[in-house]
Novice: 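Let me begin by handing over the structure; questions about it come next.
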2 protein chains.
Amino acid sequence: MIKLGKLTDYAIAVMGQLVHEAADSSAQGEGTMSSSAHYLSSRTGIPEPTIAKVLKMLAKGGLVVSARGAAGGYRLAKPAGQISIGEIIAVMDGPVAIVSCVDPGQEPCMMSETCPTRHGWSRVNDAIKSALDGVKLTEMLSAPACGKVHDFMKGEDAGCA
Amino acid sequence: MIKLGKLTDYAIAVMGQLVHEAADSSAQGEGTMSSSAHYLSSRTGIPEPTIAKVLKMLAKGGLVVSARGAAGGYRLAKPAGQISIGEIIAVMDGPVAIVSCVDPGQEPCMMSETCPTRHGWSRVNDAIKSALDGVKLTEMLSAPACGKVHDFMKGEDAGCA
DNA sequence: ATAAACAGTACTTATTCAGTACGATTAGGA
DNA sequence: TCCTAATCGTACTGAATAAGTACTGTTTAT
């Protein structure tokens, strides 16, 4: 249904929280403060085991850096303005790939002869990709365009007009 | 993983086949000829029970019209140039909805208080939606932009350069 | 040395999707 | 009128995928 996995949703929430933490700590002059998984869990409401998994994936993807040991934790790997939604999705869900009849190492398409839609997929995919890359994390946090968000699942998309 | 369901992929293949059929029949002056599920199955390689299911969904969504009884079948509800990929996806997979923490009738988000990403989703969703609506069915069929299609799953998107 | 915190892996469970089967309805032709 | 070909609708089953959990190991500040 063209939807993100829950983990991806969590990831964006966590990243958003880290943006706040970074802003707070830099206001106090300590730009390198880390937040623990436990702390982030309490702030976001996401269960700790799950958020730990998300953070590990983000760290592996290079979006956050981790500090081990006591007083360790996570922080953003780069300024929030340079992180796009597309990056986060790519780390959590893999690269954007619309079509299902492709599978690396397998035959390209089970009906490559007769299927009349062999062409044109890449432009669709690229359009989505650039749409996701065009939205930065900072924009997600401060964009009260209209009061109705999280409503586009209910059939018509919330007008925002 | 931001991918379409197989049925959606089938649907686009079937619609593409119907475009060809419509073109052929109109060339013979019979613009209202219908193609049966059995015939479309043989042309696309998609198993007949499955393609029948797809066609039923498309008919329900108003993208194809059906004729019952002997010599019945399906045909496009409107010219191929007026049908967008977004429409087909909407019919098969429901409206484009990125976020998972929404569920009609339920509470909007389990962490609506602390979650810092309440805002900004609609612009992401709209961007994807317009990207999908911008590609018409006719463009999918005749767009040999480069030889490499169906390859954007393999990590980097096929350059097409 | 101890406790706190991340790293990695493996497992279990739940949800969703694809595919199939069956009976009902409709319309054309012998 | 009867038979056949085709869609319509629903329901069921199996499989693939994702989510969540648990456990063990490694690191580091106190």
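Reminder, nothing fancy here: chain letters follow the sequence lines and each chain counts from 1. Below, all heavy atoms of this structure are taken into account, side chains as well, without hydrogens, waters or symmetry copies.
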Novice: Under 4.0 angstrom, heavy atoms only, what part of the nucleic acid is A:Lys60 near: base, sugar-phosphate, or nothing?
Specialist: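 No contact at all - A:Lys60 keeps every heavy atom at 4.0 Å or more from the nucleic acid.
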
Novice: Respond yes when some side-chain nitrogen or oxygen of B:Tyr10 is under 4.0 Å from OP1 or OP2 of C:dC17, and no when none is.
Specialist: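 False: B:Tyr10 side-chain N/O out of range (4.0 Å or more) of C:dC17 OP1/OP2.
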
Novice: To the nearest angstrom, how far is B:Leu4 atom CG from C:dC17 atom P?
Specialist: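 Between P of C:dC17 and CG of B:Leu4: 12 Å.
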
Novice: By nearest heavy atom, map B:Gly73 and A:Gly69 onto DNA chain D; which one lands nearer the 5' end?
Specialist: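 Closer to the 5' end of DNA chain D: B:Gly73.
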
Novice: Rounding to a whole Å, what distance do you find between B:Met57:CE and D:dT7:C1'?
Specialist: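 The answer, rounded to whole Å, is 16 Å.
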
Novice: In terms of hydrophobic clusters joined by side-chain contacts under 4.5 Å, are B:Tyr74 and B:Leu7 together?
Specialist: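 Yes, it is one cluster - the side chains of B:Tyr74 and B:Leu7 are joined through contacts under 4.5 Å.
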
Novice: Is a donor-acceptor pair below 3.5 Å formed from side chain A:Arg68 to base D:dT28, judging by atom type as modelled?
Specialist: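 Counting by modelled atom types and ignoring angles, no donor-acceptor contact under 3.5 Å is found here.
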
Novice: Within this structure, what is the NZ-to-C1' distance between A:Lys6 and C:dA14, rounded to whole angstrom?
Specialist: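 In whole Å, C:dA14 C1' and A:Lys6 NZ are 9 Å from each other.
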
Novice: Quick one: A:Leu55 CG to D:dA19 P, roughly how many Å, whole number?
Specialist: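 It is 16 Å, rounded to the nearest whole Å.
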
Novice: At under 4.0 Å, does any side-chain N or O of B:Ser66 touch on OP1 or OP2 of D:dC8?
Specialist: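 B:Ser66 to D:dC8 OP1/OP2: side-chain N or O found under 4.0 Å.
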
Novice: Between D:dT7, D:dG9, D:dA19, which one does the side chain of B:Ala37 approach most closely?
Specialist: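 For the B:Ala37 side chain, the nearest candidate turns out to be D:dT7.
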
Novice: In this structure, how many angstroms lie between the P atom of D:dT17 and the CE atom of A:Met92, rounded?
Specialist: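 About 18 Å, once rounded to whole Å.
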
Novice: Round to the nearest Å and state the distance from A:Glu48 atom CD to C:dA7 atom C1'.
Specialist: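 So the two atoms are 15 Å apart, to the nearest Å.
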
Novice: Using a 4.0 Å heavy-atom cut-off across all strands, classify B:Ala67 as base, sugar-phosphate, or nothing.
Specialist: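 Sugar-phosphate only.
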
Novice: Would you check if the side chain of A:Asn125 reaches a backbone N or O of A:Val96 as a donor-acceptor pair within less than 3.5 Å?
Specialist: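 Yes: the side chain of A:Asn125 pairs with the backbone of A:Val96.
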
Novice: Among the candidates D:dT21, C:dT20, C:dA7, find the nucleotide nearest to the side-chain atoms of A:Tyr74.
Specialist: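 The nucleotide sitting nearest to the side chain is C:dA7.
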
Novice: To the nearest Å, how far apart are B:Asp93 CG and C:dT16 C1'?
Specialist: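 From B:Asp93 CG to C:dT16 C1': 12 Å.
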
Novice: Whole-Å distance between D:dT21 P and A:Leu7 CG?
Specialist: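 Computing the A:Leu7:CG to D:dT21:P distance gives 11 Å.
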
Novice: Taking atom types as they are modelled, is there a donor-acceptor pair under 3.5 Å from the base of D:dG9 to the side chain of B:Lys56?
Specialist: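 Yes, the side chain and the base share a sub-3.5 Å donor-acceptor pair.
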
Novice: Can you confirm whether A:Lys78 is buried at NZ, in the sense that more than 12 heavy atoms of other residues, nucleotides or ligands lie under 6.0 Å from that atom?
Specialist: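 Count over threshold, so yes.
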
Novice: With side chains defined as the heavy atoms from C-beta onward, is the minimum distance between B:Met140 and A:Val124 less than 4.5 Å?
Specialist: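 Yes - at least one pair of side-chain heavy atoms lies under 4.5 Å apart.
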
Novice: Looking at A:Lys53 and A:Glu48, does any basic side-chain N land under 4.0 Å from a carboxylate oxygen?
Specialist: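 No.
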
Novice: Map B:Ala71 and A:Ala70 onto DNA chain C by nearest heavy atom, then report which one ends up closer to the 5' terminus.
Specialist: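 In this pair, the answer is A:Ala70.
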
Novice: Within the pair A:Ser36 and C:dC6, is there a side-chain N or O less than 4.0 Å away from OP1 or OP2?
Specialist: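 No, because none of the side-chain N or O atoms of A:Ser36 sits under 4.0 Å from OP1 or OP2 of C:dC6.
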
